[in-house]
Amino acid sequence: MERPLEATKMENSTSSCFFMERKAHVKARRKEIVLAKLRKSFSCTPRKLKNFVMDFLPVLRWLPKYQCKEYIWGDVMSGLVIGIILVPQAIAYSLLAGLKPIYSLYTSFFANIIYFLMGTSRHVSVGIFSLISLMVGQVVDRELLLAGFDLNDDVTPALGPGSLQTDSQFNTTVFNLTTEGMNAECGKECYAIGIATALTFVAGVYQVLMGVFRLGFVSMYLSESVLDGFATGASLTILTAQVKYLIGIKIPRSQGHGMLVITWINIFRNISQANICDIITSSICIVVLVTAKELGDRYKHKLKFPLPTELVVIVVATLVSHYGNLNEVYSSSVSGAIPTGFIAPKVPRFDLMIRVAIDALPLAVVSFVFTVSLSEMCAKKYAYTIRANQEMFAVGFCNIIPSFFHSFATSAALAKTLVKTSTGCQTQVSGVISAMVVLLVLLFLAPLFYSLQKCVLACIIIVSLRGALRKFRDVPARYHVNKVDTVVWVVTMFASALISTEIGLLVGIVFSMLCIIVRTQQPRTALLGQIPDTNFYEDDLEYENLSSVPKVKIFRFEAPLYYANRNYFLKSLYRLTDLDPNLEAARRKKYEKKERQQLKEGNQPTVNGLGSRDTTLQLVPKQIDFQALIVDCSSIPFLDTTGVNTLKEILKDYKELNISVLLACCNPSVIDSLKRGGYFGKDFGSMQEMLFYSIHNAVRFAKDQKLTADSSV
C-alpha cells in the first residue's frame, strides 16, 4: 500500500522542500477484537481465577507483605484516633439522616471492614459522611411524609381513624402498610431505616454496575468548582437543619424545593419557643469545639495526634445532662435509648427500591467521586497507585453488603482522611482498628449516651462544616484565578442551597458544560505579527514591538472549528482582516456591470445630476492590502464536517479575489479531516502548496509567491 507523503517548505540555506511520511496504521478488524476479548473474558484457568480473586480482594495481595514492625504502630494509633472521632460523629450524623444513632454506628463499623478487604487506598477513611447523610435524610423524610408519618422527632403524631396504633412498649407509631400484596406492620423508625437501606442498596448496585461497564469517566463531569459549590451549598442546608436543635425549638423538618428558606422562616416564627437550656449548652459547646479546633490547627505540627475534643464534649455533656436531669427539668431533647448488639440481617425491600431508584443515582455518583478523588490525592502524595475501577467496586459493596445489616450509604470523608494521614496511618489495617472501637461502643457503651442532648450533636455537626463554609473566604482568590469557575461555583452553591442538593448538583454539571460550550463558541481570535529577528509569531494586540508581514495576514483561532462556532469563525476572520470576500466579490460584480453599462450609454448625466464618472467612483472595488491569508491551526484540535466545509468555503471565496489561503501547524487529526473532506483535491497534488508545518514556512512561501508574481508582471 502506498503511503501518502506530506510536504512543506522549510526555511534554510537552500529553501528546500522536505517530505514527512505518515506511518501506515493497520486497521484492526473490530469483529476479531471483540471475539478475542470475549474469549479472554469467558475463559477460565486456575491462574486467571486466582488473579480475579486477588484483584477483587486486594487485601490478599498486600496483607501477606505487611511489615508489622514498621507499620503496626502508625496503623494502631491512627485507627484509635479515627475510631474515637467516628463514634461522636456517627451519633451526630444520625440527625442528618433522620435515623436512630445505632444505625450510624452500624454503618461506620461495616464500611471500615469491607473497605479493608476491597479498597486499594491505604489512607482513605471510608464511613459516615455529612453530605451523604444529608442526601439520605432528604429521601427518608420525603418518603416518611408521603407515608403519613409526622417528621417531628419529639412529638408523637395524633391517632388517625383506624390507620394508626400506638405501641406503648416502645412508644412508637405503628402503620399497617400494604404494598404489592404484602402486609407488614412497621413503625416510623422501621419504615425510615427500610427506606435508607433500600436507597443504599440501589446506590451500591449502581456503583458496581458503573465498575463493570467502566463508567468511571462520569466523574470527569464533576469539576472541582462544581464539587466545591455543591459541598458548600449542602453545608448551608446542613447548618440550617441543625439550628432547631441548637436553640431547642420544635418545628417540622421541611421538605421539597426551597427547604433552606422555609426552614429559616419557621425558625423565626417559633423563635419565642427557644429552650434556654439548649441555647446555653450549644453556646458552650460551640465555643469549646471551635477553640479546640483552632488550637489544633495552629499547633498541629507539635501534636502527635488530634485532640479528641468531640468525644470529651460528648462525655462531659452526657454526664451533666444525666445528673442535672436536663430532659425532665428543662425539657431538653436527648438522644434516647441506643440498644447494644446487632439486629438480625434483613433483605432491603424491593418495593421501596423502586420508589428510590432515581434518588440513588446522584447519591451513587457523589459517593464514588468523593472516594476516588480522595484516594487519588492520597496516592499521589504518598507515591503509590490505586485502581479507580476497584475503588468503585469497593465503595459499591460498602453500600450493598451493609444495607442488609441496617446501614445506610457511605463515602470517603476528607476531614477524617486528613486526620488519618496526620496520625501515621500506613495501610488499611487502621480501618479495622477503627471498626473495633465502634464495635466496643456497639456492644457495651451505646446505652451510656441516653442522656446526650441533641443540641450537643448539632454543635458537632456545625463545627465540622468549618472547612466547607470557609470556601466563602476563597471566593476573591478564586475569582482572580478564573472568573468562569467562580461563576460555576456560585451557581452550583446557590442551586444546592436554595433548591435542593440533587438539583443543585445537576444544575452545576449542566451549567459548567454550557460554560465550556460557550467558550468554544466564542473563543479568542487574533491576527499575528512577527517577533523581530525570529521565526516566531504572536498576537499583535497582546505584545509590543511586533512587526506585520507585508501583504500577508496571519489569523489564529483558539478552539475546535465545528458547527457551533462556524459563524463566529467567519465573522472574526472578516473583522480582523477588514475584508469580507463575499461583499467584496459582490461589489466588484456591480462595478463591472456598471462599467459595461456606461460604455454602452456613453458619458451622460444620471438622474440625480451626477456624472457617470462620479457614480463609478462610488462602486470602485476596495483596495486589498494583502495577497495571502495564513490560518494558524495550532489551537484547532479537531474539525467536524461543518469545519472542513468552512475552510473550503474561505479557500474558494478568497481565491476569487486572488488571495491565497495557507494552513499552518495542523495536527494529524485536522489533516486527516481535510483529506477526507476533499480540501486538497482528489489526488492531494496541491497539498504541499496549501499545508505547512510552521507559520514561518507559510510566510516564506507567500513571499516567494509574491516575488514570482511580480517578476512575471
Output yes when R349 and E143 qualify as a salt bridge under the 4.0 Å nitrogen-oxygen rule, no when they do not.
no
query: Among side-chain atoms of T501 and Q138, is any donor-acceptor pair under 3.5 angstrom?
result: yes
Between F342 and the options Y106, F404, Y103, the ring-ring contact (aromatic ring centres under 6.0 Å, His included) test singles out Y106
What verdict does the side chain to side chain donor-acceptor pair (under 3.5 Å) test give for Q390 and T120, after you've listed the backbone C-alpha separation in whole Å, the side-chain angles of each residue and the deciding distance to 0.1 Å?
CA-CA 7 Å; Q390 179 61 26; T120 59; over 6 Å; no
On a heavy-atom basis, the closest approach of N389 and M210 is OD1-O, 4.5 Å
Problem set entry | K293 bridged to E310 by N-O distance under 4.0 Å | yes
The single option from F397, W62, F109 that satisfies ring-ring contact (aromatic ring centres under 6.0 Å, His included) with F116 is W62
Taking every heavy atom of I460 against every heavy atom of P88, the minimum-distance pair comes out as CD1-CB, 4.2 Å
Quiz prompt | Worked verdict on W264 versus T240 for side chain to side chain donor-acceptor pair (under 3.5 Å) | solution = CA-CA 7 Å; W264 279 108; T240 300; 3.0 Å; yes
Residues R142 and D359 bridged, charged N to O under 4.0 Å:
yes
Under 3.5 Å donor-acceptor, T237 side chain and G233 backbone:
yes
Note: G98 and V140 closest approach over all heavy atoms is O-CG1, 4.3 Å
Sorted by chain and number, sequence neighbours left out, ring pair (Phe, Tyr, Trp, His ring centres under 6.0 Å) with Y206 holds for none
